[in-house]
Undergrad: 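Take a look at this one; I'll ask things after.
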Amino acid sequence: MTAKIAYGDVEVGTELPAQTFPVTRDTLVRYAGASGDFNPIHWNERFAKEVGLPDVIAHGMFTMASAIRVVTDWTGDPGAVVEYGVRFTKPVVVPDDGQGATVEVSAKVAAKLDDNTVRVDLTAKSAEQKVLGMSRAVVRLA
């Protein structure tokens with residue numbers, strides 16, 4: 001696969017389509033099974049509260065993976081992502097209320113680089129708080 005977006009068609013400031021990702025306790029259990037990360041802060045409310053958290057929290061890597069979907073959906077090719085990094089700033093708290101939480105992700109092209117690459121800056125929020133900081137991806141376009 002190659003990116004479906006042409007480098008020449010993108011300008012600094014181009015906004016990618018924003019997305020919202022639901023996160024429920026069921027999501028966390030499934031992710032734990034797939035990733036092998038069974039830390040009880042991600043599924044056991046009593047334990048999470050005992051260690052000072054407000055409730056069960058989403059896995060940081062799950063949040064990070066959800067956010068990059070905005071970029072991979074935009075390019076049409078997950079392999080177009082050359083670099084990706086974030087700082088975890090706040091946890092995504094996932095209550096056991098049948099609705100869970102949401103992660104809202106927006107992104108824009110922040111710089112055009114060499115070799116048909118662009119830097120995309122992402123913003124990820126949950127409960128109106130930024131949950132990822134310095135979230136940036138370098139993407140090779142067509």
Side-chain angles (χ1 to χ4, degrees), residues 1-7 9-113 115-142:
M1 292 177 75
T2 58
K4 296 177 182 176
I5 306 294
Y7 180 82
D9 293 341
V10 174
E11 300 297 329
V12 170
T14 298
E15 293 187 15
L16 284 61
Q19 294 187 49
T20 299
F21 302 100
V23 186
T24 64
R25 296 282 178 94
D26 181 60
T27 307
L28 300 182
V29 169
R30 290 171 188 266
Y31 183 81
S35 69
D37 182 352
F38 295 102
N39 187 323
I41 64 172
H42 302 304
W43 57 269
N44 184 316
E45 186 173 328
R46 179 185 44 79
F47 183 85
K49 289 181 177 182
E50 284 176 0
V51 298
L53 295 168
D55 207 330
V56 165
I57 63 170
H59 302 73
M61 297 304 287
F62 172 81
T63 305
M64 185 179 177
S66 296
I68 197 65
R69 287 178 53 194
V70 168
V71 176
T72 59
D73 287 355
W74 176 65
T75 65
D77 178 11
V81 177
V82 177
E83 294 176 28
Y84 178 45
V86 307
R87 288 193 180 150
F88 301 105
T89 56
K90 299 274 186 194
V92 175
V93 178
V94 184
D96 188 18
D97 62 1
Q99 294 184 26
T102 58
V103 177
E104 299 92 21
V105 182
S106 60
K108 69 178 178 178
V109 175
K112 290 185 85 166
L113 309 171
D115 197 24
N116 283 11
T117 60
V118 297
R119 189 186 88 218
V120 176
D121 290 353
L122 297 94
T123 301
K125 293 182 176 184
S126 183
E128 304 202 19
Q129 291 192 0
K130 202 170 182 182
V131 295
L132 298 177
M134 298 294 292
S135 184
R136 296 179 173 169
V138 174
V139 183
R140 180 163 290 111
L141 300 178

Undergrad: Report the distance from atom CG of Leu122 to atom OG of Ser66, rounding to the nearest 0.5 Å.
TA: 12.0 Å
Undergrad: To the nearest 0.5 angstrom, please state how far the CZ atom of Arg119 sits from the NZ atom of Lys108.
TA: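 Separation between the atoms: 9.5 Å.
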Undergrad: Any idea which heavy atoms bring Arg136 and Asp121 closest together, and the distance?
TA: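 Nearest pair, atom of Arg136 first, then Asp121: CG-OD1, 3.3 Å.
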Undergrad: My understanding is that only one of Ile5, Asp115, Asp9 makes a side-chain contact (heavy atoms from CB on, under 4.5 Å) with Leu141; could you say which?
TA: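 Between Leu141 and the candidates, side-chain contact (heavy atoms from CB on, under 4.5 Å) is satisfied uniquely by Ile5.
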Undergrad: Side chains of Val56 and Asp96: does their closest heavy-atom pair fall under 4.5 Å?
TA: no
Undergrad: Do Phe62 and Val23 make a side-chain contact, defined as non-hydrogen atoms from C-beta onward lying under 4.5 Å apart?
TA: yes
Undergrad: Over all heavy atoms of both residues, which pair between Gly133 and Thr89 is shortest? Give the atoms and the distance, please.
TA: N-CG2, 3.5 Å
Undergrad: Please enumerate all residues that pass side chain to side chain donor-acceptor pair (under 3.5 Å) together with Gln129, with sequence neighbours excluded.
TA: none
Undergrad: Provide the full list of ring-ring contact (aromatic ring centres under 6.0 Å, His included) pairs with a residue in residues 68-108, sequence neighbours left out, each pair given once.
TA: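 Pairs touching residues 68-108 that pass the test: none.
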Undergrad: Within this structure, what is the OG1-CD distance for the pair Thr20 and Glu104, rounded to the nearest 0.5 Å?
TA: 5.0 Å
Undergrad: Quick one: closest heavy-atom pair of Asp55 and Glu45, and the distance?
TA: OD1-CG, 3.3 Å
Undergrad: So how far is it from Thr75 OG1 to Lys4 NZ, rounded to the nearest 0.5 Å?
TA: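 One gets 9.0 Å once the value is rounded to the nearest 0.5 Å.
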Undergrad: Just so I know, are the side chains of Val139 and Val71 near enough to count as touching, which here means a heavy-atom distance under 4.5 Å?
TA: yes
Undergrad: Can any side-chain N or O of Thr72 pair as donor or acceptor with the backbone N or O of Asp77 at less than 3.5 Å?
TA: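 Checking the backbone N and O of Asp77 against the side chain of Thr72, no donor-acceptor pair under 3.5 Å is found.
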Undergrad: Find out whether Phe21 and Thr27 are in side-chain contact, i.e. whether some heavy atom of one side chain is under 4.5 Å from a heavy atom of the other.
TA: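 They are not in contact (no side-chain heavy atoms under 4.5 Å apart), so the answer is no.
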Undergrad: Main chain of Gly100, side chain of Asp97: is a donor-acceptor contact present, judged purely on distance under 3.5 Å?
TA: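 Yes, the answer is positive, given that a donor and an acceptor are paired below the 3.5 Å cut-off.
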Undergrad: Under a 4.5 Å cut-off applied to non-hydrogen side-chain atoms, are Glu50 and Asn44 in contact?
TA: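 No; the side chains remain at least 4.5 Å from each other.
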Undergrad: Taking Lys112 for its side chain and Tyr7 for its backbone only, find out whether a donor-acceptor pair lies under 3.5 Å.
TA: yes
Undergrad: Could you check if a side-chain atom of His42 sits within less than 4.5 angstrom of a side-chain atom of Ile57, using non-hydrogen atoms only?
TA: yes
Undergrad: Are any side-chain N or O atoms of Thr117 and backbone N or O atoms of Val138, one a donor and one an acceptor, separated by less than 3.5 Å?
TA: no
Undergrad: Quick check: does any side chain N or O of Thr102 sit under 3.5 Å from a backbone N or O of Pro22, one acting as donor and the other as acceptor?
TA: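 No: the side chain of Thr102 does not pair with the backbone of Pro22.
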Undergrad: Where is the tightest heavy-atom contact between Lys130 and Lys90, given as atom of each residue plus distance?
TA: O-CG, 3.3 Å
Undergrad: For the residue pair Asp73 and Gln19, what are the closest heavy atoms and their distance?
TA: OD2-NE2, 3.0 Å
Undergrad: Which atom pair, heavy atoms only, marks the closest approach of Val12 to Ala111?
TA: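 For Val12 and Ala111, the tightest heavy-atom pair comes out as CG2-CA, 4.0 Å.
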Undergrad: Would you list the atom pairs, donor with acceptor, under 3.5 Å between side chains in residues 29-40 and any protein atom, with sequence neighbours excluded?
TA:
unit_1: Arg30; atom_1: NE; unit_2: Asp26; atom_2: OD1; d: 3.4
unit_1: Arg30; atom_1: NE; unit_2: Asp26; atom_2: OD2; d: 2.8
unit_1: Ser35; atom_1: OG; unit_2: Tyr31; atom_2: O; d: 2.9
unit_1: Ser35; atom_1: OG; unit_2: Asp37; atom_2: N; d: 3.1
unit_1: Asp37; atom_1: OD1; unit_2: Asn39; atom_2: N; d: 3.2
unit_1: Asn39; atom_1: OD1; unit_2: Ile41; atom_2: N; d: 3.0

Undergrad: With a 4.5 Å heavy-atom cut-off, do Leu28 and His59 have their side chains touching?
TA: yes
